[in-house]
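Whatever order the structure lists ligands and atoms in, that order sets their numbers, starting from 1. All values below come from the heavy atoms of this structure, side chains included, with hydrogens, waters and symmetry mates left out. Everything numeric here is computed off the predicted structure, so don't read it as measured data.
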Amino acid sequence: MIKKDIKITLLEYNSVNELNELERQLVNQAMRTTESSYAPYSKFHVGASVMLENGEIISGSNQENAAYPSGLCAERVALFYANSKFPEIKVNAIAIAAQTNGSFTKLPVSPCGSCRQVMLETETRFNQPIKIILYGEDHIFVIENASVLLPIGFKEDFLKK
Ligand code: THU
């Protein structure tokens, strides 16, 4: 038996002012997009903004449903919309922010497993790392790519015969 440790690296910032201009723009857009969230059940309003290689920013918010599993997270709304509007354009980055009880979360938002899987697919599809920016009032995490967030992820290679 061999014990293997997997180490992940992230950058932690204390304020959006420490981010570069493009990162800050993307975070601001994700923060604004929380306003369009439809979250009457959880009251957890999430916004996600995707930066494309052509400079376009595409945003989405979580959309809930009385039949709970029919809803969708902000990250997947934004990524699926970006990829359906611009199927040939690479995704460079995604920023995520969330509000509850009228305030942004203190901790950086942590994307769910399904959203991590979709980020990984997008990264693999375009062969381009996606920078992930997780906003929180106290800290902001910047993660180099989706496979950092989803180690040992399931990819198309497993489907090859
Ligand atoms: N949610 C997101 O949209 N993104 C995340 O990263 C975490 C969770 C949504 C799903 C659901 O509408 C609500 O937040 C509570 O889980």
So, for atom 14 (O) of ligand 1, does the protein have a heavy atom nearer than 4.0 Å? yes
Does either side chain, that of [X] or that of [Y], offer a donor lying less than 3.5 Å from an acceptor on the other one?
X    : Y    : value
S15  : R24  : no
Q63  : S61  : yes
S103 : E137 : no

Protein heavy atom at shortest distance from [atom]:
atom                    : value
atom 3 (O) of ligand 1  : A74 N, 2.9 Å
atom 6 (O) of ligand 1  : E75 OE2, 2.5 Å
atom 12 (O) of ligand 1 : E64 OE2, 2.5 Å
atom 9 (C) of ligand 1  : N62 ND2, 3.5 Å

Which of the atoms of ligand 1 are close to C73, meaning less than 4.0 Å from one of its heavy atoms? 1 (N), 2 (C), 3 (O), 4 (N), 10 (C)
Atoms of ligand 1 less than 4.0 Å from S110 heavy atoms? 6 (O)
Considering T100, V46, N65, which one's heavy-atom position lies nearest to atom 1 (N) of ligand 1? V46
Between E23 and K131, does any NZ, NE, NH1 or NH2 come within less than 4.0 Å of an OD or OE carboxylate oxygen? yes
Taking E64 for the side chain and G71 for the main chain, is one N or O donor matched with an acceptor at less than 3.5 Å? no
Donor-acceptor pair, distance only, cut-off 3.5 Å: does the side chain of S49 make one with the backbone of V27? no
Which atom of N145 lies closest to which atom of P129, heavy atoms considered: CB-CB, 3.8 Å
Which atoms form the tightest heavy-atom contact between T34 and V46, and what is the distance? CG2-C, 3.9 Å
Can you find a non-hydrogen atom of [X] under 4.0 Å from ligand 1?
X    : value
V109 : yes
S37  : no
P111 : yes

Checking heavy atoms under 4.0 Å, the part of S42 that sits near ligand 1 is side chain
